[in-house]
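Below: one structure, written as structure tokens.
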Amino acid sequence: MRRFVVPVDMKDIVALCKRRGFIFPASDIYGGLNGFWDFGPLGVELKNNLRDRWWKAMVITPPLGPDGAPVDIVGIDSAIIQNPKTWVASGHVGGFSDPMVDCKETKKRYRQDHLIVLTSEKADRWPAFHEESENADMEKKLKKLGMPSDLSLFEKINLTKLPIEDYAKIIGPDTKEPGTLTEPKEFNLMFETHAGPIQSEENKVYLRPETAQGIFLNYKNVLDSTRVKMPFGIAQIGKAYRNEVNPRNFIFRSREFEQMEMEWFCHPDEAKMWQEFWFEERTKFWKSVGLGSDNLAMRPHDSDELAHYAKQGLGTSDIEYKFPFTAPGYGELEGIAHRCDFDLKSHQEHSGVKMEYLDPARDNERYIPHVIEPAAGLTRGVLALICEAYTVDESRPSGVYLNFTPAMAPKKAAILPLTAKEEHVPIAQKLYLELREEFPVDLDIKQNIGKRYARQDEIGTPYCFTIDNDTIEDQTVTVRERNTMAQERIHLDKVSNYLREKMKG
RNA sequence: GCGGGCGUAGUUCAAUGGUAGAACGUCAGCCUUCCAAGCUGAACACGUGGGUUCGAUUCCCAUCGCCCGCUCCA
């Protein structure tokens, strides 16, 4: 068998996803909607498989901790819309709604409150500078502009204090001409809506930009209703919404996406140990669903890209995947962040509810636990699975096949009567009805066998069971393996066992 | 958000100021005892809205969407 290593083009992957029913543009018949995508019949199976595997790995069969005992994790499913105070406490309302101004000439964007302007009654041109600019730099630029370079002639005023009418006089920090700055625009990445039919400021609410806060909001409820003790985790899978400035790269950065997040609560002294522990576990997870180690990368965040909550602690480490559109670089799949006690502390302050934990294992020490957060993108995970599985093979009729692991494949097997004649079909139907009780399987009767194998290759079905004349004689079927196209015969009674065995891989 | 490119069947493409063709897929029938995506047939498209014009899929404008680069990315 010949295989060609061809650079994978996202266009081909997107086309296959649509053609075979993995992923469609949202509201396709109306021309789509930027940043939104729908999962088709096969896409939803694939997504559910990844989702269920995560839930199992976290909630049903969580790993053994460093002491050899299974760690404690429970699941929740919180509302997408919560009391808006949640997002004030989390920092999403205050910190990320800073008005920005653009420079029409240089295309640079500045936070409005970061610019100071040298104003003067006598001047008709007012140079603007970044607030951290040195006096010497300002004098230099004034000279360049042919203006008096004596700073005492000017009054430094923050851009937020100046009316829009004055913008015509302002010279942007990186240009020489006045009037290039646009009026400030609000940038808030949270979707807003209203709870209740009245569209007023009082009932404004937000669609959650991350599932994590729903977990922090329920931290006390979980402690009071279950028997978890420190350290423990709360896991959640669900949709989140961000008004991305620029959705890009298929479903990689979309405005509606799905997260799989677990908040691990522990004593502050153990944060480092647990962050390393979860980083290892999460890496194993992505490998186990079929992401080859060649395309996976682990990377600690640089300090300047850390989220507001992670600045104080041990930072964030990413698990990244080499997508076709990021190659040779990588795109984030999951971040394992040390959120310190930022969230619980902030909710304690804003809500007035005590978040302290009284730890009997530590001489009744009271503390607000630190949080290690493995936060993975389910949507991104699905994309990574598809990209990883996409294999060009010009030697086979389909020209391409999806090399999903059996456990992730949306269809585990296809049952194919060799001919559509009377003898083969009833046996196939019987096998199909039996198998579908346990596995998502396809029954495909029409057209020649080669065509049907090709079809299954393209959707990544790992096994095809073919019923022929020998089946009638000796009750055996042909198993055809997707990757090798090799065939073997097994007894009809062995088929479910065969599949069950393969699913473990 | 900025700049550039592109929007014709499900997909990949073609042609044209006088309303469109192919390949593959899909569906139906035939054929087929294991990959020849076979044979025959059928259905299906000019992203949307304006403008110019006797007439626009074609030219112009806007809008929406997609791709690339920059920007952004809790």
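The sequence lines fix the lettering, A, B, ..., with proteins before strands; numbering per chain opens at 1. Everything numeric here is computed off the predicted structure, so don't read it as measured data.
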- Item | Whole-Å P distance, B/C27 and B/C34 | 23 Å

- Message: Less than 4.0 angstrom between a side-chain N/O of A/K451 and OP1 or OP2 of B/C34, yes or no?
- Response: no

- Item | Separation of the P atoms in B/G5 and B/C60, to the nearest angstrom | 12 Å

- Item | Length of the CG-P vector between A/D28 and B/G7, whole Å | 18 Å

- Message: Could you check whether any side-chain N or O of A/S90 sits under 3.5 Å from a backbone N or O of A/W87, counting only pairs where one atom can act as donor and the other as acceptor?
- Response: yes

- Item | Span that lies between the C1' atom of B/A9 and that of B/U71, in whole angstrom | 37 Å

- Touch check for A/R242, heavy atoms < 4.0 angstrom, all strands: base, sugar-phosphate only, or nothing? nothing

- From the options B/C35, B/U32, B/C68, select the nucleotide whose nearest atom is closest to the side chain of A/P397. B/C35

- Query: Between the main-chain N or O of A/Q213 and the side-chain N or O of A/R208, is there a donor-acceptor pair closer than 3.5 Å?
  - Reply: no

- Message: What I want to check is whether an N or O donor and acceptor connect the side chain of A/N246 with the base of B/C72 at under 3.5 Å.
- Response: no

- Message: Need one value for A/N448: base, sugar-phosphate or nothing, where a base atom within 4.0 Å counts as base even if backbone is also close, heavy atoms only.
- Response: base

- Query: Could you state the CZ-P distance from A/R455 to B/C27, rounded to the nearest angstrom?
  - Reply: 6 Å

- Return the orientation label for the A/H338 and A/H370 ring planes: parallel under 30°, perpendicular over 60°, tilted otherwise. tilted

- Message: Donor-acceptor check, side chain of A/Q236 to backbone of A/T211, threshold 3.5 angstrom: yes or no?
- Response: yes

- Task: Classify the nucleic acid contact of A/L418 as base, sugar-phosphate or nothing, counting any heavy atom under 4.0 Å across all strands shown.
- Result: base

- Name the nucleic acid region contacted by A/R253, choosing base, sugar-phosphate or nothing; use a 4.0 angstrom heavy-atom cut-off, strictly under. base

- Message: Return whichever of A/K446 or A/A454 has its heavy-atom-nearest nucleotide of RNA chain B closer to the 5' end.
- Response: A/K446

- Proximity to the side chain of A/Q447 - top-ranked nucleotide from B/A37, B/U26, B/C66: B/U26

- Message: Using the C1' atom as the point on both nucleotides, what is the distance between B/C67 and B/A28, in whole Å?
- Response: 37 Å

- Item | Side-chain-base donor-acceptor pair under 3.5 Å for A/R480 and B/C35 | yes

- Query: Any Lys/Arg nitrogen of A/K18 or A/D28 sitting under 4.0 Å from an Asp/Glu carboxylate oxygen of the other?
  - Reply: yes

- Message: Taking B/C6 as the reference, what is the distance to B/A42 when you measure between their C1' atoms (whole Å, please)?
- Response: 32 Å

- Across the strands shown, which category fits A/N243 at heavy-atom distances under 4.0 angstrom: base, sugar-phosphate, nothing? nothing

- Message: Tell me whether A/N448 contacts the main-chain N or O of A/K451 through its side chain, where contact means a donor paired with an acceptor under 3.5 Å.
- Response: yes

- Message: Determine whether a donor-acceptor pair (N or O, by modelled atom type, separation under 3.5 Å) exists between the side chain of A/T391 and the backbone of A/A389.
- Response: yes

- Note on the structure: Stems for RNA chain B (at least 3 consecutive Watson-Crick or G-U pairs, under 3.5 Å) come to B:1-7 with B:64-70, B:10-13 with B:21-24, B:26-30 with B:38-42, B:47-51 with B:59-63

- Item | Pair A/E458 + A/R19, salt bridge at N-O below 4.0 Å | yes

- May I have the distance from A/D9 (atom CG) to B/C68 (atom C1'), rounded to whole angstrom? 11 Å

- Contact class for A/F250 vs. all strands (heavy atom < 4.0 Å): base, sugar-phosphate, or nothing? sugar-phosphate

- salt bridge (charged side-chain N to carboxylate O under 4.0 Å, His left out) evaluation trace for A/D457 with A/R452: CA-CA 9 Å; A/D457 280 350; A/R452 285 178 279 161; over 6 Å; no

- Query: Can you tell me how far C1' in B/A56 sits from the matching atom in B/G17, rounded to whole Å?
  - Reply: 6 Å

- Item | Contact nearer the 5' end of RNA chain B, comparing A/Y453 with A/R255 | A/Y453

- Does A/Y30 get its side chain close enough to the base of B/C64, under 3.5 Å, for a donor-acceptor pair? no

- Message: Set out, in order, the CA-CA distance, both residues' side-chain angles and the distance that settles side chain to side chain donor-acceptor pair (under 3.5 Å) for A/N83 and A/T86, then state yes or no.
- Response: CA-CA 6 Å; A/N83 188 308; A/T86 303; 5.4 Å; no

- Does the B/C34 base have a donor-acceptor partner in the side chain of A/Q487 within less than 3.5 Å? yes

- Message: Whether the side chain of A/R248 and the base of B/G69 hold a donor-acceptor pair under 3.5 Å is what I'd like checked.
- Response: yes

- Query: Distance between the C1' atoms of B/C64 and B/U26, in whole angstroms?
  - Reply: 28 Å

- Note on the structure: salt bridge (Lys or Arg N to Asp or Glu O under 4.0 Å) pairs touching residues 235-247 of chain A, sequence neighbours excluded, are A/K239-A/E256

- Query: Between B/C68, B/G25, B/G65, which one does the side chain of A/L33 approach most closely?
  - Reply: B/G65

Using the 3.5 Å cut-off, write out each protein N or O paired with an N or O of nucleotides 11-14 of chain B and the distance between them.
{"unit_1": "B/U11", "atom_1": "OP1", "unit_2": "A/K18", "atom_2": "NZ", "d": "3.1"}

- Message: Between B/U11 and B/U52, how far apart are the two P atoms, rounded to whole Å?
- Response: 33 Å

